[in-house]
Structure formats: C-alpha cells, structure tokens
> 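Structure below; questions to follow.
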Amino acid sequence: MKILSGLSLKEIEEITDALGATKFRARQIHNWIYLKSVKEIDEMTDLSIKFREELKQVATVTDIKIKVKQVSSDGTIKYLLEFPDGECVETVLMRFDNRANLTACVSSQVGCAVNCTFCATGKRGFIRNLSYREIIEQVLTIQRDTGLKVTNVVFMGQGEPLLNLDNVLKAMEIFNENFQIGARRLTLSTSGIVPQIRKLADLDMQSTLALSLHAPNSEIRRKLMPIENKYNMDELHKALKYYVEKTGRRITIEYLLIKDLNDTVESAKQLAAYLKDIKCNINMIPYNPTEKNDYQRPSNNAIMKFKYLMEHSGKKVTIRLERGADIDAACGQLRGKVEA
Ligand code: SAH
Ligand code: SF4
C-alpha cells in the first residue's frame with residue numbers, strides 16, 4: 001500500500017501510470033494532498049468513483065494517527081502523533097492574533113541526543129531520526145485536522161535537526177515546492193552542530209538559521225548544553241561568521257533566560273561582545289519550567305533589563321511569546337509521550 005502524503009508529483013505519476021491513468025490525474029491527486037489536505041481518497045471528488053476505487057486498492061492518504069490533541073487557551077494546538085512503528089512526536093500549531101501567519105513547529109527526531117539540561121526532550125535520550133515523509137506528515141496532519149493552510153514552519157519541536165540533516169533538507173525542499181511555503185518562512189533551530197552549520201553555509205541556504213546559544217561564555221554554556229564540550233563557543237563563532245559571509249543572511253540567536261544564571265549585567269556584556277561582529281537578531285526565551293531541574297524564569301523586570309542592555313549593544317531583540325504553556329506546548333516542554 002502506497003502512502004500518498006509525502007510523495008512528489010513524479011512519484012504519484014508512477015502510481016497513476018501503473019493504473020493506466022493520465023498524468024493529469026496525478027496532478028489532481030497532488031493538489032488534493034498538498035493544497036486541499038483531504039483525509040480520504042473518497043474526498044477527491046474530481047476523480048471518477050471508479051478511479052477512486054482503483055486507487056484505494058493500491059494507496060491511502062496517510063498512515064499517521066493523532067493520538068492526543070490539546071487546545072490551549074491562547075489557541076495553540078498541540079498534537080501527539082503516532083507513526084506506524086508506535087513511536088510518537090509532538091507537533092505544535094501556533095497562531096498569532098495580530099498576524100495571518102500559521103506556524104507549525106515540527107519535530108525532526110524522536111527524542112534527542114544533545115541532552116541540554118533545561119529541555120524535556122533531551123531527558124528521553126535519542127530514539128530515532130524521522131524520515132522526510134514523517135516530517136512533512138506533521139504539517140499535513142495539521143492542515144487536514146484544521147482545514148487551514150500552514151504558512152511558516154519552524155524546526156523547533158523535538159530533536160536536533162542538524163543531526164538529521166538529509167531528511168530535514170529534503171522536507172524543506174518539499175515544503176518549498178509542494179506546499180508553496182517560501183524558503184524564508186522556514187526556520188532551522190540548532191544547538192550548534194558546527195560542521196553542519198558550515199555545510200548549510202556552503203549550500204547557501206536561504207532559510208533562517210536560528211542558533212540556540214543560551215550562554216554568554218563557555219563555562220555557563222557547558223552547564224546548560226553538553227554540546228559545548230564537542231563544539232565550543234570559539235568554533236561556533238567562526239562557523240557563524242562563515243555562515244553570514246557565505247549566505248549574506250542574518251542569524252537568529254536564541255537566548256534562554258534563566259534567573260541568576262545567565263540574566264546578569266555581566267552576562268549581557270559578555271554576550272554583546274561575543275555577538276559584536278555577527279550579523280544577527282536576538283530572540284530571548286524566558287525559561288519555561290520543566291520537571292526535574294532547579295532553573296527559574298527571571299522576573300519581568302530582569303527580562304526587560306537584559307533586553308535593554310542587548311538593544312543598547314545595537315542588536316534587534318525580541319522576546320519570544322510563550323505559547324501554549326497551559327498544555328505544555330511551550331519551548332522545551334515537548335516530551336513526546338502520553339503522561340502516565
Ligand atoms: N534542538 C534544536 C531545536 C528544538 S528546541 C535546538 O535546540 O535549537 C527549540 C528551542 O527551545 C531551543 O532554542 C531550545 O533551546 C529551547 N528550549 C528548550 N527547553 C526550553 C525551556 N525549558 N524553556 C524555554 N526554551 C527551551
Ligand atoms: Fe535537543 Fe534542542 Fe532539547 Fe537541546 S534543546 S536537548 S538540542 S531538542
């Protein structure tokens with residue numbers, strides 16, 4: 001049985017060819033899958049009933065299941081999706097009232113090997129990579145369920161996308177070509193896998209690269225992110241410069257703010273010095289509580305003060321709005337399992 005979701009036009013043509021149908025049928029099926037987000041072959045109403053029956057013998061729309069769906073008071077929707085092998089990941093749909101954008105936050109791996117101390121996903125360890133089909137199925141599932149068209153995709157769910165780069169790049173290509181989502185509306189977020197950042201630079205990636213820096217110096221970063229032992233902030237700095245030079249693109253620096261740990265005036269000064277010669281915007285993420293650690297979210301005053309200091313250094317700074325915290329859908333709260 002073929003799964004239609006995730007197939008390219010050419011791959012769908014192979015199916016219609018085998019059924020003795022024209023290439024035009026393949027185009028119709030492709031539209032039903034990617035632009036109209038149908039759940040069943042029977043909804044493809046411009047195909048004859050006879051042809052739909054033949055198609056149903058060899059293909060189905062999807063093999064993914066929505067295991068749990070939670071809707072937050074702010075409109076954020078979190079899905080726990082199950083793949084045929086029983087593994088699950090979370091996918092989040094965020095709407096921002098003041099914009100027409102619908103942003104899907106997708107997972108790239110089941111679990112994550114990077115094991116940052118503040119992140120719920122890391123606590124599970126690494127289970128497996130997602131295929132490119134499983135990545136794009138997350139967006140299709142959202143579209144099928146809501147009847148809405150996703151306009152932006154961020155790789156900020158579970159997993160480290162740069163450690164599953166081939167599948168992630170292929171998924172981005174499909175978002176671009178089949179979903180007609182522009183490259184600039186796709187964002188990759190990474191914990192800082194240096195060789196892969198260089199690779200993206202060489203590929204001249206036109207999507208947004210977001211780096212989870214989270215610390216103003218190596219000592220603090222090592223406490224938060226064990227990856228600092230493998231690729232330290234010096235190497236990272238060089239790779240970021242290389243990326244900006246090669247692509248001409250501005251990087252987004254993600255900076256998790258944790259009370260008394262990296263939110264001090266001294267930290268702001270060090271961070272400003274580190275980023276001085278890197279073309280970037282800063283996105284500050286006040287820490288969202290997860291179980292089993294002692295970190296705390298800074299006071300609003302401390303957050304605003306840090307923002308002011310960074311702005312003073314000449315950077316554009318935004319504070320990430322917390323979405324869906326009441327359903328544990330905010331950054332770092334994705335676990336990928338049903339709570340017992
Ligand atoms: N693995 C990638 C992408 C997924 S995480 C990465 O780390 O960049 C998306 C963002 O959420 C990252 O910036 C991550 O550091 C942040 N995050 C993780 N745990 C968090 C928490 N408890 N509170 C706020 N942000 C968190
Ligand atoms: Fe992995 Fe990102 Fe979580 Fe770190 S923050 S453990 S890299 S998902």
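What you are looking at is a predicted structure, and each value in this text was computed from that prediction instead of being measured. Read the numbers this way: they start at 1 and go in the same order the structure lists the ligands and their atoms. The first residue of the sequence shown is numbered 1, and numbering continues consecutively from there.
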> Identify, by atom number and element, the atoms of ligand 1 in contact range of Ser191, meaning under 4.0 Å from any of its heavy atoms.
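Those atoms are 6 (C), 8 (O).
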> Give me the ring orientation class for His237 and Tyr274: parallel if the planes are under 30° apart, tilted from 30 to 60°, perpendicular past 60°.
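The arrangement is perpendicular - the two ring planes meet at more than 60°.
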> Just to be sure I read this right, does ligand 2 sit under 4.0 Å from the backbone of Cys119, its side chain, both, or neither, counting only heavy atoms?
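Looking at Cys119 and ligand 2, just side chain atoms fall under 4.0 Å.
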> Judging by distance only, is a nitrogen or oxygen of Phe118 under 3.5 angstrom from one on ligand 1?
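Such a contact does occur with ligand 1.
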> Heavy-atom distances under 4.0 Å are what count here, so tell me which part of Asn288 touches ligand 1: side chain, backbone, both or neither.
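Both backbone and side chain.
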> Using a strict 4.0 Å cut-off to heavy atoms of Ile285, name the atoms of ligand 1 that fall inside it.
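Once the distances to Ile285 are compared, the set is 13 (O), 24 (C), 25 (N).
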> Polar-atom distance check: Tyr287 versus ligand 1, any N or O pair below 3.5 Å?
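No - when backbone and side-chain N and O of Tyr287 are compared with those of ligand 1, no distance drops under 3.5 Å.
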> For atom 5 (S) of ligand 1, state which one of His214, Met156, Glu160 supplies the nearest heavy atom.
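Closest candidate by heavy-atom distance is Met156.
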> With heavy atoms of Thr190 as the reference, note each atom of ligand 1 found under 4.0 Å away.
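Here the atoms of ligand 1 in question are 6 (C), 8 (O).
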> Give the numbers and elements of all ligand 1 atoms closer than 4.0 Å to a heavy atom of Leu256.
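Checking each atom against Leu256, I get 23 (N), 24 (C), 25 (N), 26 (C).
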> Examine the proximity of ligand 2 to Asn115 and report which part, side chain or backbone, both or neither, has a heavy atom under 4.0 Å away.
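The part of Asn115 near ligand 2 is the backbone, not the side chain.
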> Assess whether atom NZ of Lys36 is packed by more than 12 heavy atoms of other residues, nucleotides or ligands within 6.0 Å.
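Yes - once you tally the heavy atoms of other residues, nucleotides and ligands closer than 6.0 Å, there are more than 12.
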> Which of the numbered atoms in ligand 1 are below 4.0 angstrom from a heavy atom of Gly159?
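Answer, ordered by atom number: 1 (N), 2 (C), 3 (C), 4 (C).
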> Check if Ala210 has a non-hydrogen atom at a distance under 4.0 Å from any atom of ligand 1.
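Per 4.0 Å heavy-atom rule, Ala210 does not contact ligand 1.
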> Are Arg297 and Tyr287 in a cation-pi setup, meaning NZ or CZ lies under 6.0 angstrom from the ring centre and within 45 degrees of the ring axis?
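No cation-pi geometry.
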